[in-house]
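Shown next, in structure tokens, is the structure this report addresses.
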Amino acid sequence: MNELESKLKQLPEKSGVYLMKDANGKIIYVGKAKVLKYRVKQYFTGVQKYTKVASMVENIADLEYIICDTELEALILECNLIKQYRPYYNILLKDDKHYPYVRIDLSELYPRLTIVRKVKDDGAKYFGPYIAAHTIRDVLDSIYKIYPLRSCKKNISRIILKKERPCLNYEMKRCIGPCTGNISESEYGKMVDEVIAMLGAKQNRLKSTLKTEMHMASVSQNYEKAAMIRDKIRLIEQISSRQKAGFPNLRDKDVFGVSCGEAISVVQTFLVRDGKLSYAEKYYFEYTGEEEGEVLSSFIIQYYMDNPAIPKHIYISVDLPDQDPMEQWIAREKGSKVEILRPQRGDNRRLAILARKNAVDAVKLKEGLSIKKRRALDNLATLIGVNRELDRIECYDISNTQGTDSVASMVVFENGIPSRKLYRRFKIKTVQGSNDFASLQEVVSRRLLRGLSGDKGFTPLPDLIVVDGGKGQLSSVKDTLYSLGVEEIPLISIAKREEEVFIPGKYESILLKNSSPEFRLITSLRDEAHRFAISYHRRLRENRQKMSEIDHIPGIGNARKNTLLNTFSSLAKIKKATIKELESVHGISPVLAQTIYCYFHETK
């Protein structure tokens with residue numbers, strides 16, 4: 001009897017938490033159980049219906065358990081262990097859900113606003129939390145329009161001392177420019193204090209003061225000042241409405257609906273704030289055979305972990321197996337009573353049903369797409385005579401203009417879906433002029449050599465390579481595969497005119513039905529590679545064209561060139577500008593203005 005079997009026989013009939021480990025001692029799953037003996041043994045009896053569970057059981061080499069006095073203790077311990085070890089086979093919130101805050105560090109010279117996800121005891125001021133990152137960015141964007149505080153990380157003292165040029169934010173009037181020395185610390189501090197009052201608990205007091213100032217400005221017919229103050233009052237109201245996440249009231253509630261399919265489970269969240277549905281989001285997980293209540297329970301634990309935005313009422317679409325200890329734990333996190341309810345009537349029931357319906361639809365859509373993609377991949381594998389699954393397909397395309405700015409793209413589809421984080425761009429280095437055959441050889445060779453050397457950005461090797469072109473492109477890439485000793489990698493090409501597919505060793509091309517899933521898969525691969533290559537080529541070409549006559553003027557670098565172009569809007573207008581007009585541009589000295597003017601009027 002091995003050690004694992006021995007431990008299974010010694011499991012107690014008590015509540016607790018169990019930890020599954022692999023052969024390297026790494027924790028791969030954490031679970032809780034009312035009765036450890038019965039729950040853990042379920043994993044090792046009979047054939048597992050779900051692939052992920054079967055995979056986990058195959059990898060279990062050891063287990064540990066911790067006995068707890070109550071279900072609440074087990075819940076809290078499970079919660080903390082999942083957070084600490086993030087086991088592969090547990091349901092995990094991959095984005096580690098935390099609401100965003102605005103942070104202001106007053107110890108900085110000329111403080112700035114930053115967005116953070118965690119509050120630390122570092123002496124800085126934190127404001128929030130906000131319901132979503134996009135809401136906080138809208139708030140900051142509005143603040144910067146009225147209070148142009150700095151947003152850069154630069155050392156202001158060093159910049160002032162060395163008299164360095166201010167950044168583009170200053171040129172665009174998005175920053176008041178403390179690095180220019182044009183504003184004192186006290187003046188800047190007044191702006192910061194007002195922003196703090198707007199973000200903090202003094203909003204009503206500031207709003208009242210501003211209304212008085214606006215009235216006085218209006219009476220004295222200083223309408224421009226009155227309009228500026230009006231904008232500040234509107235900003236306070238906007239911030240107040242966006243800052244609801246941390247201040248739930250009696251009308252606030254969170255609603256959760258869950259659905260489990262064959263391969264995935266989905267949790268739909270609705271956040272109701274101030275009586276309005278203010279935020280909704282779906283969360284997708286690999287399904288491992290749990291009941292819907294178990295899936296939702298695991299989700300809720302992580303969703304509210306270290307999360308201050310807990311309302312008094314939480315509505316769910318399915319009963320939780322550990323609802324009582326869950327309520328106790330959430331109340332402990334919040335610091336006051338919280339009710340978890342499965343509503344039976346009224347608006348709350350309709351919301352819970354709607355959340356559940358959204359989760360069901362998401363499962364159907366996701367799994368329906370997966371079935372179609374898998375059918376397309378299987379049909380394509382059969383078509384080209386490959387006896388394995390095409391999990392990773394790479395497609396290559398070349399783009400240039402009469403042989404200049406020649407570039408290549410590599411797009412990657414995983415399980416039939418674009419994986420944009422794996423896309424790669426290449427500048428052609430060894431080929432002169434317009435030669436797609438040689439360019440493809442260079443790019444494919446560079447990519448495969450990187451992969452064969454163990455470069456993580458280029459692993460694993462593809463299950464299929466697709467190239468944009470006909471027989472010539474196919475033949476050149478085939479030669480490259482043979483030269484690198486990886487000729488076993490399947491290869492095809494697709495020609496644009498007739499959408500013909502060419503396969504090595506077959507003289508005749510294959511014409512697919514336009515309605516077939518494999519046709520749509522291949523053409524979407526080719527079109528995506530073409531789009532990616534064209535966009536890169538266009539960007540390089542535009543950058544090269546921007547290298548104008550200005551670059552040849554002594555004393556003009558990129559920053560001054562951009563300032564001139566932003567001021568005069570075109571090269572033609574710069575050429576027509578007078579010396580006085582050139583001098584008026586920030587950063588252009590009288591001597592440099594004379595140099596620019598003479599360059600355009602005396603050397604031509």
Side-chain angles (χ1 to χ4, degrees), residues 168 373 390-470 472-481 483-484 486 489-496 499 501-502 520-548 551 558 561-562:
L168 194 58
K373 294 294 183 185
L390 303 177
D391 294 328
R392 176 175 173 133
I393 306 177
E394 296 178 3
C395 186
Y396 297 83
D397 189 25
I398 306 295
S399 181
N400 59 62
T401 301
Q402 296 179 342
T404 62
D405 296 322
S406 191
V407 299
S409 67
M410 177 187 101
V411 302
V412 181
F413 278 30
E414 291 187 312
N415 298 314
I417 299 171
S419 186
R420 290 179 176 81
K421 64 182 179 181
L422 300 176
Y423 287 13
R424 298 291 182 266
R425 297 184 175 102
F426 302 85
K427 284 185 181 180
I428 304 302
K429 298 179 178 179
T430 62
V431 181
Q432 298 296 321
S434 181
N435 187 336
D436 285 2
F437 303 149
S439 296
L440 277 169
Q441 286 183 318
E442 177 194 324
V443 171
V444 173
S445 177
R446 284 165 58 187
R447 179 267 177 270
L448 292 174
L449 285 171
R450 294 279 293 273
L452 292 168
S453 68
D455 188 329
K456 290 183 179 179
F458 290 87
T459 54
L461 295 180
D463 298 309
L464 172 66
I465 291 177
V466 180
V467 294
D468 181 23
Q473 284 84 352
L474 183 76
S475 178
S476 61
V477 174
K478 179 184 175 183
D479 291 343
T480 300
L481 298 184
S483 68
L484 296 175
V486 288
I489 297 177
L491 168 69
I492 63 172
S493 68
I494 177 169
K496 288 186 180 72
E499 306 289 20
V501 176
F502 295 92
R520 289 194 292 270
L521 174 63
I522 294 176
T523 52
S524 61
L525 260 164
R526 189 269 318 281
D527 293 344
E528 181 70 348
H530 185 65
R531 178 199 65 78
F532 198 52
I534 285 288
S535 63
Y536 184 40
H537 171 67
R538 186 179 293 123
R539 193 174 77 191
L540 290 181
R541 190 178 67 227
E542 288 172 354
N543 289 341
R544 182 169 53 80
Q545 289 171 349
K546 284 180 182 177
M547 292 291 290
S548 64
D551 294 293
N558 282 332
K561 179 179 74 172
N562 290 333

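For the numbers below, each heavy atom of this structure counts, side chains included, while hydrogens, waters and symmetry mates do not. In what follows, residues are counted from 1 in the order of the sequence shown. Since we're looking at a predicted model, the values are computed, not measured.
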Original post:
Checking side-chain contact (heavy atoms from CB on, under 4.5 Å) for the pair E442/I428: CA distance, chi angles, key distance, verdict?
Top reply: CA-CA 7 Å; E442 177 194 324; I428 304 302; 3.3 Å; yes

Quick one: pull up [atom1] in [X] and [atom2] in [Y] and give me the separation to the nearest 0.5 Å.
X	Y	atom1	atom2	answer
Q473	S439	CD	OG	10.5 Å
E394	E414	CD	CD	9.5 Å
L461	R450	CG	CZ	13.0 Å
D527	I522	CG	CD1	11.5 Å
I417	I393	CD1	CD1	11.5 Å
S483	K478	OG	NZ	13.0 Å

What are the two closest heavy atoms between [X] and [Y], and how far apart are they?
X	Y	result
L422	M410	O-CE, 3.6 Å
F413	L521	CD2-CD1, 3.9 Å
G454	T459	C-CG2, 4.3 Å
N435	A438	OD1-N, 3.0 Å
I534	S399	CD1-OG, 3.5 Å
S476	F437	OG-O, 3.6 Å

Should [X] and [Y] count as side-chain neighbours, where that means a heavy-atom distance under 4.5 Å?
X	Y	result
L525	I494	no
N415	D391	yes
R447	F426	yes
R425	V443	no
T523	R526	yes
D468	I398	no

Original post:
Would R424 count as a cation-pi partner of F458, with NZ or CZ less than 6.0 Å from the six-membered ring centre and within 45° of the ring normal?
Top reply: yes

Subject >> Derivation and outcome, side chain to side chain donor-acceptor pair (under 3.5 Å), residues E528 and Y423 >> reply: CA-CA 10 Å; E528 181 70 348; Y423 287 13; 2.9 Å; yes

Donor-acceptor pair, [X] side chain versus [Y] backbone, under 3.5 Å?
X	Y	value
S535	F532	yes
S493	G470	yes
D463	R392	yes
S409	A529	yes

**OP:** Kindly indicate, with the supporting measurements, whether the criterion side-chain contact (heavy atoms from CB on, under 4.5 Å) is fulfilled by L464 and L491.
**Re:** CA-CA 6 Å; L464 172 66; L491 168 69; 5.7 Å; no

Original post:
Hey, mind stepping through I489 and L448 against side-chain contact (heavy atoms from CB on, under 4.5 Å) and telling me if it holds?
Top reply: CA-CA 11 Å; I489 297 177; L448 292 174; 4.1 Å; yes

